[in-house]
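In what follows, every heavy atom counts, from backbone to side chain, and hydrogens, waters and symmetry copies are set aside. In this text, all values refer to a predicted model and were calculated from it rather than measured experimentally. Chain identifiers are assigned alphabetically (A, B, ...) following the order of the sequence lines, protein sequences preceding nucleic acid strands; residue numbering begins at 1 within each chain.
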Number of protein chains: 2
Amino acid sequence: MNDISFNPRDCGTCPIRHRAVCSRCEPDELEQLDAIKYYRTFEAGQPVIWSGDPMEFVSSVVSGIATLSQTMEDGRTQMVGLLLPSDFIGRPGRDAAPFDVVAVTDLTLCCFRKKPFEDMMEKTPAIGTRLLQMTLDELDSAREWMLVLGRKTAREKIASLLTILGRRDASLHKRPPRDGMSFELPLTRESMADYLGLTLETVSRQISALKKAGVIELQGKRRVIIPDLEALIAETGSDMDGAPIT
Amino acid sequence: MNDISFNPRDCGTCPIRHRAVCSRCEPDELEQLDAIKYYRTFEAGQPVIWSGDPMEFVSSVVSGIATLSQTMEDGRTQMVGLLLPSDFIGRPGRDAAPFDVVAVTDLTLCCFRKKPFEDMMEKTPAIGTRLLQMTLDELDSAREWMLVLGRKTAREKIASLLTILGRRDASLHKRPPRDGMSFELPLTRESMADYLGLTLETVSRQISALKKAGVIELQGKRRVIIPDLEALIAETGSDMDGAPIT
DNA sequence: GCGCAACTTTGATCAGGATCAAACAAGAAA
DNA sequence: TTTCTTGTTTGATCCTGATCAAAGTTGCGC
């Protein structure tokens, strides 16, 4: 996570990538983009925004991890998205945030004030096209996750989450996922439970079970080693061949 | 469902509404839109498209109901979307359908061949903007549904589904949802189970339980009467105040 | 009418995961 | 070092919803 470029022209992981947007942009549109862009950092645990709050910016994750979640009055919580570097946060055209966003590690966002961003979207349709594509990807991911939440067993849920985290970690470091890969779990057992619709005890038990079965290995509590990726994928109940989940 | 206009210029419920798109369209763009538009009908039970199949059109539901779902190899099924009149089906910029689409009642789609539609999107940015807004709404709905799947009890799930179906039915007939409203369940018990991540037996039992509790009444197996909407909403575990679910 | 198919309800039992509870591990502060 | 905190593991028990099974309902074709 330290190989992120902070070139103001292109922060590397920013989904509103100038390069992507600007195959047909005029140079002065690039200047504009730089002018309305700023960075914000959050410490681990800090809220970025609460559901319902007015949201005066859109942004993308540069480094760190945030969660998108909902909580019921009685305290039951469901995470509805995991925001990793290059993910987009915000709703052009909307005023209020639909969900809670919380930084789970130290977090850097690349922000754009909303109004000028919207103005620019209007002048540069390619931005809107790119945002539509990203939103469609997120929608597919959310729907894939509905299968996990609605139909998978606890063990399959854990295997699904580990597969996704492993893949995202590999792609973040621009390495192909391969046998023997290892990565750091960015979430506590409780957060994993909130993502999977389980309790933290069940998460712990199923991780132990996968370890005992030799499907994963652990170094400490957080570092996961996947000796055989196919074996882990087999535990997911499959179906989600290769589909990335946000 | 019989108050749908079939004016070729504007099919009434079509999300690519000419009126909506064309506050700033040229008249000849309207002509173009009509030129690439056609209708398709499906009988109840017929598949519209299977996951992975090439999809050469985008479309919107004019009348009837379709479901969007995924199935695992062992047969477990999760519905990931319920497509009611005015909902959009398709992925501009994508070739393959990401999920199975099946007509659950007789279904009429207003279709646009994909390539010309994409060309038109490029020339008429307002279409892309509108599609982005619709996709963001769907994404929010999918994420709200994740809370239902991950954290709600069987009874809360049923109440949530009935609330949504009631609201959608009311808005379809342009009536405000009110106490004493009634509507026809468009889904079998099994489809409801697939949507809620339950078994059909549990769905049946919970509907019976809500009936016994006086929260709903049934006329036959399919017509639901909601004597007190607030009472039903109270059974949902709440939190989803007013949010429409696709 | 009858018979059949599809859908639904209800019952009995089982099991997966939740809940309650306690102990353990590791880091931070004193 | 000790103590405190936060996160994790493990154990015992309970309960919700799944599973297996059978009977009831409705509509349709003959």
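Open room surrounds CD on E190(A); 12 or fewer heavy atoms of other groups in view lie less than 6.0 Å from it.
Per the geometry, CZ belonging to R155(B) stands 13 Å off C1' belonging to dT16(D), to the nearest Å. Distance, L187(B) CG to dC7(C) C1': 14 Å, rounded to whole Å. A straight line from CG of D194(B) to P of dA18(D) spans 12 Å, rounded to a whole angstrom. Atom CD in E190(A) sits about 13 Å away from atom P in dA18(C), given to the nearest Å. Between the NZ atom of K212(A) and the P atom of dT9(D) there is a distance of 13 Å, rounded to whole Å. Rounding to whole angstrom units, CG of residue L196(B) and P of dA18(D) are separated by 10 Å. Counting to the nearest Å, the P atom of dT10(C) and the CD1 atom of I207(B) are 11 Å from each other. Separating the CG atom of L200(A) from the C1' atom of dA18(C) is a distance of 11 Å, rounded to the nearest angstrom.
Checked by atom type, the side-chain pair S160(A)/T163(A) shows no donor-acceptor distance below 3.5 Å.
In the set dT9(C), dT19(D), dT8(D), dT19(D) carries the atom at the smallest distance from any side-chain atom of T199(B). Out of dG17(D), dT10(D), dT8(C), the shortest distance to the side chain of T202(B) is found at dG17(D). Of all nucleotides listed (dT9(C), dG17(D), dT8(D)), dT8(D) comes nearest to the side chain of T188(A).
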Atom pairs under 3.5 Å, N or O on each side, protein against nucleotides 11-15 of chain D: can you list them with distances?
unit_1: dG11(D); atom_1: N7; unit_2: R205(A); atom_2: NH1; d: 2.9
unit_1: dG11(D); atom_1: O6; unit_2: R205(A); atom_2: NH2; d: 3.0
unit_1: dA12(D); atom_1: N6; unit_2: R205(A); atom_2: NH2; d: 3.4

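Remark: the backbone N or O of G75(A) is paired with a side-chain donor or acceptor of T77(A) at under 3.5 angstrom. Remark: the backbone N or O of L229(B) is paired with a side-chain donor or acceptor of D179(B) at under 3.5 angstrom. When atom types are taken as modelled, the side chain of S208(A) and the backbone of S204(A) share a donor-acceptor pair closer than 3.5 angstrom. Panel note: side chain S51(B), backbone P98(B); a donor-acceptor pair is recorded below 3.5 Å. A side-chain donor-acceptor contact under 3.5 Å links T105(A) to the backbone of I65(A).
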- Pair W145(B)-V80(A), side chain to side chain contact (heavy atoms under 4.5 Å, CB included): steps then yes or no: CA-CA 9 Å; W145(B) 202 249; V80(A) 297; over 6 Å; no
- Yes or no on side chain to side chain contact (heavy atoms under 4.5 Å, CB included) for E156(A) and R76(B), after CA distance, side-chain angles and deciding distance? CA-CA 13 Å; E156(A) 288 170 338; R76(B) 280 177 284 176; 2.8 Å; yes
- Message: Applying side chain to side chain contact (heavy atoms under 4.5 Å, CB included) to D140(B) and R91(A), what does each step give before you reach the verdict?
- Response: CA-CA 10 Å; D140(B) 286 348; R91(A) 311 264 105 149; 2.4 Å; yes
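Among the heavy atoms of the strands, none lies under 4.0 Å from G45(B). Residue-level contact check: R222(B) touches the backbone only, with heavy atoms under 4.0 Å from sugar-phosphate atoms and none from bases.
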- Message: For nucleotides 22-29 of chain D, give me one character per nucleotide, 5' to 3': B if any protein heavy atom sits under 4.0 Å from the base, S if the only such contacts are to the sugar-phosphate, - if neither.
- Response: ---S----
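Of the residues near DNA chain D, K211(A) and R151(A), the one whose nearest nucleotide (by heavy atom distance) lies more toward the 5' end is K211(A).
For dT16(D), neither phosphate oxygen OP1 nor OP2 lies less than 4.0 angstrom from any side-chain nitrogen or oxygen of T153(B).
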